[in-house]
**Q** 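Before we start, here is the structure in question, set down as structure tokens.
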Amino acid sequence: MQLQILPQTFAVCQIQDTSQINWQMPLFFFSKTAEELSLVCPETDLPAAVLQCERGWRALKICGVLDFALVGILAKISSLLANAGISIFAVSTYNTDYILIKESHLQKAAAALRSNGYQITA
């Protein structure tokens, strides 16, 4: 399986409202629940006002379109990274999954995945 390291550095934020979101960003993730509004976006596109924010995340994109019948893709990747002592923040879209890793652990994560048969591209 091939994973692509995205070039941006991301922030994971809790926001108060959507008024400052740049909806034209080429890549971001937004979620709304009864408890919170969350935004994952490139650090360069952070809204001016956030309630809480964790910066310094890098993203690995699982390349290709994943069929909904596939089982265990995130479980295997997250287990390999957990065994290497690396925590993740996962985001899924209709087509694929993204695994966010703190930038300080990116090279260690790539090495752990490569040693288990994953192809990593930049």
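Heads up: numbering here begins at 1 and tracks the sequence.
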**Q** Do L27 and V12 land in one hydrophobic cluster if side-chain heavy atoms of ILVMFWY residues count as linked below 4.5 Å?
**A** yes
**Q** Under 4.5 Å between side-chain heavy atoms, hopping through other hydrophobics if needed: is there a path connecting V91 to L81?
**A** no
**Q** Spell out, as yes or no, whether a donor-acceptor pair under 3.5 Å connects the side chain of K108 to the backbone of A84.
**A** yes
**Q** Measuring from atom CD1 of I86 to atom OG of S78, what distance do you get when rounded to the nearest 0.5 angstrom?
**A** 12.0 Å
**Q** Can you see which heavy atom on S115 is nearest to which on A112, and at what distance?
**A** OG-O, 2.9 Å
**Q** Supply the atom-to-atom distance Y118 OH to I62 CD1, rounded to the nearest 0.5 angstrom.
**A** 7.5 Å
**Q** Would you find a donor on one side and an acceptor on the other, under 3.5 Å apart, between the side chain of K61 and the backbone of I99?
**A** no
**Q** With a 3.5 Å cut-off and sequence neighbours excluded, list the donor-acceptor pairs that the side chains of residues 36-51 form with protein atoms.
**A**
| residue | atom | partner | partner atom | Å |
| --- | --- | --- | --- | --- |
| E36 | OE1 | Q14 | NE2 | 3.2 |
| E36 | OE1 | S38 | OG | 2.9 |
| E43 | OE2 | G56 | N | 2.6 |

**Q** Residues in side chain to side chain contact (heavy atoms under 4.5 Å, CB included) with Q119, at least two apart?
**A** Q2
**Q** Is there a chain of hydrophobic side chains (I, L, V, M, F, W, Y, each step under 4.5 Å between heavy atoms) that links L3 to L6?
**A** no
**Q** Would a line drawn from the ring center of F10 to the ring center of F89 be shorter than 6.0 Å?
**A** no
**Q** Can you tell me if Q20 has over 12 outside heavy atoms packed within less than 6.0 Å of its CD?
**A** yes
**Q** Provide the closest heavy-atom pair for R58 versus T9 in the form atom of the first, atom of the second, distance.
**A** CD-OG1, 3.7 Å
**Q** For the CG atom of L60 and the CD atom of Q4, what is their distance to the nearest 0.5 Å?
**A** 9.5 Å
**Q** Mind listing the closest non-hydrogen atom pair of I88 and W57 along with its distance?
**A** C-CZ3, 4.4 Å
**Q** Are L100 and I77 connected in a single hydrophobic cluster, I mean Ile/Leu/Val/Met/Phe/Trp/Tyr linked by side-chain heavy atoms less than 4.5 Å apart?
**A** no
**Q** Going only through I, L, V, M, F, W and Y residues with side-chain contacts under 4.5 Å, is there a path from M25 to F29?
**A** no
**Q** To the nearest 0.5 Å, tell me how far N116 CG sits from L80 CG.
**A** 4.5 Å
**Q** Let me confirm one number: the CD1-CD1 distance from I15 to I21, rounded to the nearest 0.5 Å.
**A** 3.5 Å
**Q** Between CD1 of I120 and CG of L113, what distance do you get to the nearest 0.5 Å?
**A** 5.0 Å
**Q** With no hydrogens and no angle check, just 3.5 Å: does a side-chain donor-acceptor pair link S19 and D17?
**A** yes
**Q** Looking only at heavy atoms, which two atoms of F28 and N22 are closest? And how far apart?
**A** CE2-O, 4.2 Å
